[in-house]
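Reviewing the structure listed below.
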Amino acid sequence: MVPADQGGGVMRADLLTETIDGLDEALAAVDAFDRALVVGLLRPHTALATGLTELADAVAGTPLAARVAEAAEKASAGAASEDHFVALAAARTALTGSVHDALTARVEEATGRARAEETVPAPTGQQAGNLLAAARSWLSDLARCGWRGIDHDVVSGAAPVVSAMLPDPAVRRLATLLDGFAAELAASCPGTALDRVPVRRWADLWSRAMILTVPGAADVPVTGTATGRLLPLGVDVREHATAVQAQVYAVFEHADGAVPRLVRANVSVPKPDTVVGAGLWQLLRPHMSLLAAVSEGRSMDLTDMPVTAEGDLIWNDTLARTGKPADAFATARVAMATATAPATAPLDRHPARIAAPVFLEGYSAQQDDDGLTFTVAGHRLAVDTDRIPTAGPLTPAAVASSVACVGLLRWDAGEFTVQPLAVETLVRKKRAAIHAGAWAGGTSDKAGVKAEKAATDAGAVLRERAGRLLRK
């Protein structure tokens, strides 16, 4: 059932502000364990004992109960093994997964969107066991010393593990995570001098990495193929000093007339830390023709494109061709409301992973000291302008003056927020669309051309320096 339009597109904004039973209790147990990671799991400590007890109590009625209780007891005594750390990470992951499920159910209720009943296949467990064991050993060392106890000697232990992992596609997902995590920790050493510890973030990264050391946990099995028309909604860009990913959100219309579904297509590449802004597209563009279609406002026709149960297209340019013009706002108004949401893999059940495409219209925007908000049918919805990529023409100012928005509904710091992917603004009483991914396939926009030239010059300098080093 599609919810009534309350002046904010097809969404019940009132449901996004209501309390969800059990959410605070689950997060409190997570926070207690996270505080234990700050002091470390090597020596008995009040915060350690409290955090481990609350974590074990929170999963007492689950199949994890016995293993987590044993792990908590051993860790409290400073005698935990690597297997015990894995059990603790699994318990924390289960709790954040329960939070994800509760929030996702609320999103589906608010949007009236059904979720696919397709189940996610079990992992095969065929990965390089010695590399996973090495990663688990380093992560265990981190847990023992705690964030306050990190130093360069401890953090540098990740370097040989990452170097050995990166050439192996089966463990590259974990290698990338470890690489970024170690870089953050190295920039914060020594832990004793930190004014503020990013407690939940580092605990998230640690527990996710620890679970990924379980053979098969990082598997993303292909469950079928997609033949039909792909209608892009927008592009999200996620950037780190050493890597960048573009994620295209879209509605997929099956050639056989089945119910449309929401899908994603990803492209990730390593990058030098000096390449930023529009230069990112020069790294991403050669690996995915879809970016050009997004930039040109066109659909794509797919034939037997591999797809996972989570709705991730395993992109292959040979299985796609550019189709007819397709306006993202027309897709959002007409097709998105009836599209089913994809299933979520167990490992990806985390509130930070929630990114539900939504369409908003008829709202009012307000900018104050707390940031930008949309008032949707009388309910305030925070706008996350910090997530707007600098690699496109979309700006916070354009969002603040918008009359319609295609975005991603996320959850952060205890509330739902919307991340704009594209907005419509009024120019001489006519609607004009501005997309975050408008420069993805190239642009004639003056600002975009200038940014591309700067990125090209930076790339040429890097290539020249690299060539000089290789010649020595």
Side-chain angles (χ1 to χ4, degrees), residues 1-3 9-12 16 100-101 103-120 220 222-238 245-267 288 290 293-294 299-302 305-315 320 323 326-345 348-360 387 405-411 416 418-422 435-437:
M1 176 180 176
V2 177
V10 186
M11 187 173 74
R12 282 194 58 187
L16 302 179
H100 168 277
D101 292 350
L103 292 169
T104 299
R106 181 58 55 88
V107 170
E108 291 168 359
E109 187 180 2
T111 60
R113 187 177 296 149
R115 179 163 294 274
E117 296 181 359
E118 189 172 10
T119 57
V120 178
V220 184
V222 172
T223 59
T225 57
T227 298
R229 186 170 66 152
L230 190 70
L231 303 170
L233 292 166
V235 185
D236 180 24
V237 179
R238 293 186 280 189
Q245 179 186 69
Q247 192 167 57
V248 181
Y249 287 81
V251 174
F252 179 71
E253 295 182 334
H254 298 267
D256 61 7
V259 177
R261 63 186 295 193
L262 293 173
V263 296
R264 297 176 296 261
N266 307 292
V267 56
M288 182 185 277
L290 176 58
V294 170
S299 64
M300 292 207 82
D301 297 318
L302 310 185
M305 184 74 74
V307 62
T308 70
E310 289 192 274
D312 287 305
L313 299 169
I314 309 302
W315 194 261
D327 178 72
F329 283 91
T331 299
R333 287 185 171 95
V334 177
M336 191 166 66
T338 58
T340 59
T344 304
D348 292 335
R349 292 168 54 246
H350 188 288
R353 299 274 297 183
I354 294 174
V358 293
F359 171 64
L360 302 173
R387 285 183 178 266
C405 174
V406 174
L408 299 175
L409 192 64
R410 295 186 177 275
W411 191 83
F416 283 103
V418 63
Q419 173 194 346
L421 298 180
H435 296 261

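Scope of the values below: all heavy atoms of this structure, side chains included, with no hydrogens, waters or symmetry mates.
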Does the side chain of [Y] come within less than 4.5 Å of [X]'s, by heavy atoms?
| X | Y | answer |
| --- | --- | --- |
| R229 | L231 | yes |
| L409 | I354 | no |
| R264 | P357 | no |

- Side-chain donor or acceptor of T227 paired with backbone N/O of A255 under 3.5 Å: no

- Message: Looking at H350 and A352, would you say the former's side chain and the latter's main chain have a donor-acceptor pair under 3.5 Å?
- Response: yes

- Go through the steps for V251 and L262 under the test side chain to side chain contact (heavy atoms under 4.5 Å, CB included), then give the verdict. CA-CA 5 Å; V251 174; L262 293 173; 3.8 Å; yes

Rounded to the nearest 0.5 Å, what's the gap from [atom1] on [X] to [atom2] on [Y]? Could you check?
| X | Y | atom1 | atom2 | result |
| --- | --- | --- | --- | --- |
| L230 | L313 | CG | CG | 6.0 Å |
| Q419 | D236 | CD | CG | 4.0 Å |
| T340 | R113 | OG1 | CZ | 9.5 Å |
| M300 | W315 | CE | CH2 | 5.0 Å |

- Quick one: do F416 and V107 satisfy side chain to side chain contact (heavy atoms under 4.5 Å, CB included)? Show the steps, please. CA-CA 9 Å; F416 283 103; V107 170; 3.5 Å; yes

- Message: Quick check: closest heavy atoms across A332 and V406, and the distance to 0.1 Å?
- Response: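 Heavy-atom minimum between the residues: CB-CG2, 3.7 Å.
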
- Residues L302, F252; criterion side chain to side chain contact (heavy atoms under 4.5 Å, CB included); working and verdict: CA-CA 9 Å; L302 310 185; F252 179 71; 3.9 Å; yes

- Could you tell me which residues satisfy side-chain hydrogen bond (donor to acceptor under 3.5 Å, both in side chains) with Q247, sequence neighbours excluded, listed by chain and number? R238, Y249, N266

- For T104, check side-chain hydrogen bond (donor to acceptor under 3.5 Å, both in side chains) against everything at least two apart and list the hits.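 Per chain and number, T104 pairs via side-chain hydrogen bond (donor to acceptor under 3.5 Å, both in side chains) with H100.
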
